[in-house]
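Note that ligands are numbered from 1 as they come in the structure, with each ligand's atoms numbered from 1 the same way.
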Amino acid sequence: MEFVHVPLGNRSYDIGIGSGILSRAGYRIAPLLKRPLVAVVTDETVAGLHLEALLDALRADGIEARCLTLPAGEGTKSWASLERCVTWLLEQKIERSDLVVAFGGGVIGDLVGFAAAITRRGVRFVQVPTTLLAQVDSSVGGKTGINAASGKNLIGAFYQPSFVLADVDMLTTLKARDLRAGYGEVVKYGLLGDLKFFEWLEQNGQALIAGDVGARITAVKWSCQMKADIVTRDETEMGDRALLNLGHTFGHALEAATGYSDRLLHGEGVAIGCALAFELSARLGLCSQEDPSRVRAHLRRMGMKVDLSDIPGDLPPAEALLEMMSQDKKVVAGQLRFILTRGIGQAFVATDVPGPELLRLLLDEV
Ligand code: GLY
């Protein structure tokens, strides 16, 4: 197992990354416990594939697990599921010093982290992410929450886990499309802050997607280290953490425009959003025109969606997309904060993006 440390004072924790390490879950979790009991919350898909393996690993270290299985899918990030989860934790008499295990992808990690944050004013929790997106992004950094009728992730809390265990073997059961969508978040790290990582992905991205275990471990570790560095500098997104939203303002608007449906997965929206952010940066004279071309070429070679025309079905007109962007929760004092770039690996937060240039880009692309 390899480790990335997230140094946040008394909220510090480690991320364990490796192949076959789910079997070590009990060994890693046992030292965190006051009594040999955990509450595991998962979804139906993960439960069918991996729950027995997790329970075996916990039993091997004498840990009893109580389990709650929720429906799979974004609909589970709701008030109703939150109430169900918190009520269940209280029924199980889970105490503040006990531990909750979030076993699943981003939906389960976000929901269960938030439930842990508010149950008894905070029960510790461990993330065991099972998707690429969750392993490189959502399980790390303490963003937890649910969706509101008016938008995604609008209700939540910053609440750090006590440990994250990322076993890349979990990725073998992912659908190819979900794996590629998770890759959108991986490539984001190279694009926002590390040209060397992007170059490494240009060389190794296809092996990663094809199942190369070494490539998967390297990519997850590299991404987690970059995220840990940013979160350590800015835990609650007052500054630098916004860099992690490269591609997300475009991406969120596209997700809203496609009704958060199967037409566009979150990571697919992020990849298209990254391509658009590079294109906008080039048009504003911030980076060379070769940069957006190189980004798009890599995404294309990886079999990802790159252009708005890759999204099936009709999109709303450019003006409506622009309006959707202004609903983004990263708006500060009415100003859209965009992540732009001076080149690959050189993203920065911009608050002065000219609306007409943005509209022209969307008019050209839609
Ligand atoms: N997913 C972006 C962040 O954690 O800040």
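At least one test fails for Arg296 against the ring of Phe278: distance under 6.0 Å to the centre or angle within 45° of the axis.
Ranking protein heavy atoms by distance to atom 5 (O) of ligand 1, first place goes to Arg241 NE, 2.7 Å. The protein atom (non-hydrogen) at minimum distance from atom 4 (O) of ligand 1 is Lys227 NZ, 2.6 Å.
Close contacts of ligand 1 with Asp137, meaning ligand atoms under 4.0 Å from a residue heavy atom, involve 1 (N), 2 (C). Here is the list of ligand 1 atoms found below 4.0 Å of a heavy atom in Leu244: 2 (C), 3 (C), 5 (O). Atom numbering of ligand 1 starts at 1 in the shown order; those under 4.0 Å from a heavy atom of Lys143 are 2 (C), 3 (C), 4 (O), 5 (O).
Classification of the Phe163-Phe3 ring pair by plane angle, with boundaries at 30° and 60°, yields tilted.
Electrostatic pairing of Arg300 and Asp307 counts as a salt bridge here, judged by a charged N lying under 4.0 Å from a carboxylate O. Using a 4.0 Å cut-off between charged side-chain N and carboxylate O, Lys34 and Glu95 make no salt bridge.
Within a 6.0 Å sphere centred on CD of Glu83, heavy atoms belonging to other residues, nucleotides or ligands number 12 at most.
Using a 4.0 angstrom heavy-atom cutoff, His248 does not count as in contact with ligand 1.
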